[in-house]
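Okay, so here's the structure we're looking at.
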Amino acid sequence: MDDSVARRTRQGGRGGNARRASGFQLEQRPWRVPRNTDRPVEPVDEAGVQAIHAGAMRILSDIGIEFLNDEALTILRDAGCRVDGQNVRMDADFVMEMVGRAPASFTITPRNPARQVTIGDGYMAFVNVSSPPNAWDLVRGKRPGDFGTFREFMMLTQAFNCIHIAGGYPVEPIDIHPSVRHLDCLYEKLTLTDKVCHAYSLGRERVEDVMDMVRIAGGLSHAEFEAAPRMYTNINSVSPLKHDFPMIDGALRLARRGQPVIVTPFTLAGAMAPVTMAGAVALSIAEGLAAVALLQYAAPGCPVGIGTFTSNVDMRSGAPAFGTPEYMRATQITGQLARFYGLPLRSSGVCTANVPDGQAMWETSNSLWAAVQSGSNMVYHAAGWLEGGLIASPEKFVMDCELLQMIERYMEPDLVATDPESIAFEAVRDVGAGGHFFGCAHTQARYATAFYDPLVSDWRNYEAWAQAGAVETPERAHRIYRGIVDTCEAPPMDPAIREDLPAFGARRKEVGGAPTDF
């Protein structure tokens, strides 16, 4: 690889806030959580929505969902559900009563209140890539995740204004033992970023530790922490028709302390779900609502969301496929069901490609625009995802942020304004036939902010691009990534809190952290 890959350069964009050290400056669009006012795409009619709803209710009442969690079984038995071993059947009236308790939107406030995010009410929050076991970049290639790479992704998460939430681990740092991994990762997440963060529901100790660390980072009492959402978790069902112990345990712990839970079944049509999109969505809805009903019975009114991760498999190999037409339709249809239930919707920005190439970007673009069209409120894996979730890539992260900025710009009200100044009759009259609008007063007053300005795209013609070194998109993205990492400055934090966090972690490490079997 040419040494120029690692050089820091200034890249396009407007209104940045980020880095000025060592000659690098990330120029980007300002922080904002976009609000989607477009009419959503609705692939199925009202009868179709009712048919999928009826199918989901029939799955819940006639087949049932297995809960591999004794506390959940006790709660649902007390609620009047039919419990046979680990199988739980619940009637539609009960499910709909419980779903009716959930708020239509909620706001999560992290340690920096300026980074507050509303989930629902038309808003669309983007989350970094979460949970790949491997990383890939232009210089080092593919390799197992490690703590240093994890920290780099945290820097990227903080740097980009279009990333609103620091979700799960952008890459698993397998060089840290799982018993204490959450303590080290959350410390870095809470100090390298000031955005909303997440707890993996993987055992009591991890969930409780993360809640305590978020509380400490915010300078909050226990009562203040529990009075409003400060963080969240996302849980997945074990499709088909199961919820496991640790996910449900963690979800109950957060819900009882007023912290949001996003329930996202992972249903791959043709493998873990019916091959038809309606059947796959019906199964996903049944699994999701079963957990929502449990949480609303245990903690009435707790903030929840419904997630969609329904796609298809490659029937030649059995491998998952993402960013497909089927994925797009399943996301749009689930959006219709989420609106029917009055729940916020989570979807994802995903692809199957192995490197940040053309396939990666068209598949991710399909996924992200399906999120827009479905009315999604939270978009997981919005930047950095490759190989069906097995790789996190910093170059892909930067390239995806270009797409996210474009979506944010697409949603700004001035693009669809129709007031007299936008109709611009006087400007047309002043320029007249055969003139041009470059120099007219109407253009001069607006040119600096009139159009989207790219982050990593190169809009020069071929000759100018070639003369400048013929640098292709992944290499331009690599330069931005290195510029961010090499000049990173952590956001401000009260010095006393910065001392309290590692002290908490040290105490928890002394007693072994979270239990493991190795």
Problem - Under 3.5 Å donor-acceptor, Ser201 side chain and Ile235 backbone - result: no
### Centroid-centroid distance, Tyr327 to Phe309, less than 6.0 Å
no
Item to complete: Take atom CZ of Arg39 as the centre, draw a 6.0 Å sphere, and report whether it contains more than 12 heavy atoms from other residues, nucleotides or ligands.
Response: no
Any side-chain heavy-atom pair of Phe147 and Glu188 under 4.5 Å: yes
- Query: Side chain of Asn377, backbone of Tyr123: donor and acceptor closer than 3.5 Å?
  - Reply: yes
Fill in: Test: Arg409 and Asp414 ion pair at under 4.0 Å
yes
Salt-bridge test for Arg446 and Glu421: reply yes if a basic N is under 4.0 Å from a carboxylate O, no otherwise. yes
task: Without swapping roles, check the side chain of Glu408 against the backbone of Arg35 for a donor-acceptor pair under 3.5 Å.
output: no
Those residues at least two apart in sequence (or on a different chain) that pass side chain to side chain contact (heavy atoms under 4.5 Å, CB included) with Asn366 are Met328
Point to revise | Test item: Thr310 side-chain N/O and Val281 main-chain N/O as donor-acceptor pair under 3.5 Å | key: no
- Should Asn161 and Arg32 count as side-chain neighbours, where that means a heavy-atom distance under 4.5 Å? no
**Q.** Test log, rule side chain to side chain contact (heavy atoms under 4.5 Å, CB included), inputs Thr118 and Val33
**A.** CA-CA 8 Å; Thr118 296; Val33 182; over 6 Å; no
| query | Does Arg476 pair with Glu472 as a salt bridge, N-O distance under 4.0 Å? | reply | no
Note to self: Check this for me, if you would: do Glu387 and Lys396 make a salt bridge, where the nitrogen-to-carboxylate-oxygen distance has to be below 4.0 angstrom?
What the structure shows: no
| request: Using a strict 4.0 Å threshold on nitrogen-to-oxygen distance, state whether Asp194 and Arg115 make a salt bridge. | output: yes
For Ala382 and Asp400, the nearest pair of non-hydrogen atoms, with its separation, is O-CB, 3.4 Å
Can you find a heavy atom in the side chain of Met211 that is under 4.5 Å from one in the side chain of Met231? yes
- Query: So, the side chain of Trp465 versus the backbone of Asp458: is there a donor-acceptor pair under 3.5 Å, distance only?
  - Reply: no
(Q) For Tyr447, I'd like to know if atom OH has over 12 heavy atoms of other residues, nucleotides or ligands within 6.0 Å. (A) no
Test your reading of the model: is there a side-chain donor-acceptor pair from Gln259 to the backbone of Ala228, 3.5 Å cut-off? yes
Quiz prompt | Modelled atom types, side-chain donor and acceptor of Ser457 and Glu402, under 3.5 Å | solution = yes
Next on the checklist: Is the distance from the ring center of Phe397 to that of Tyr481 below 6.0 Å?
Outcome noted: no
All heavy atoms of Tyr232 vs all of Leu254, minimum pair found to be C-CD2, 3.7 Å
Worksheet item: Are any non-hydrogen side-chain atoms of Thr308 and Arg346 less than 4.5 angstrom apart?
Response: no
Problem - Backbone N/O of Ala135 and side chain of Lys142: donor-acceptor pair under 3.5 Å - result: no
Q. How about Glu363 and Gln359: does a side-chain donor come under 3.5 Å of a side-chain acceptor?
A. yes
Shortest non-hydrogen pair, Phe437 vs Ala427, comes out as CE2-O, 3.7 Å
Of all heavy-atom pairs linking Asn36 and Gly375, the shortest is ND2-CA, 4.4 Å
Decide, yes or no, whether a salt bridge links Arg143 with Asp137 under the criterion of side-chain N to carboxylate O below 4.0 Å.
yes
Practice prompt. Would you check if the side chain of Ser374 reaches a backbone N or O of Ala371 as a donor-acceptor pair within less than 3.5 Å?
Written response: yes
Please say whether more than 12 non-hydrogen atoms of neighbouring residues, nucleotides or ligands are located less than 6.0 Å from CD in Glu46. yes
Is Leu192 close to Gln158 at the side-chain level, that is, under 4.5 Å between some pair of heavy atoms? no
**Item:** Check: Leu202 main-chain N/O paired with Arg206 side-chain donor or acceptor under 3.5 Å
**Value:** yes
Between Tyr380 and the options Asn234, Val350, Ile262, the side-chain contact (heavy atoms from CB on, under 4.5 Å) test singles out Asn234
Closest non-hydrogen atoms of Ala273 and Thr267, given as atom of the first, atom of the second and distance, are CB-CB, 3.8 Å
Margin query: Would you say that more than 12 heavy atoms from the other residues, nucleotides or ligands in this model lie under 6.0 Å from the OH of Tyr187, or not?
Written below: yes
### Task
Would you mind reporting whether Trp136 and Leu138 have side-chain heavy atoms less than 4.5 Å apart?
yes
Are side-chain N/O atoms of Ser239 and Glu287 paired as donor and acceptor at under 3.5 Å? yes
Notebook entry, point to check: Any ion pair linking Glu42 and Arg339 (charged N to carboxylate O, less than 4.0 Å)?
Noted result: yes
Checklist entry - Which of parallel (below 30°), tilted (30 to 60°) and perpendicular (above 60°) describes Tyr200 and His198? => result perpendicular
Taking the six-membered ring for Trp, is the centroid-to-centroid distance between Phe160 and Trp31 below 6.0 Å? no
Looking only at heavy atoms, the pair that brings Pro356 and Glu395 closest together is CG-CB, 4.3 Å
Worksheet item: Can you tell me if Tyr452 and Gln405 form a side-chain donor-acceptor pair at under 3.5 Å?
Response: yes
- Is it true that a side-chain atom of Trp385 and a backbone atom of Cys351 form a donor plus acceptor pair closer than 3.5 Å? yes
_Distance-only donor-acceptor check, side chains Asn236 and Thr264, under 3.5 Å_ = no
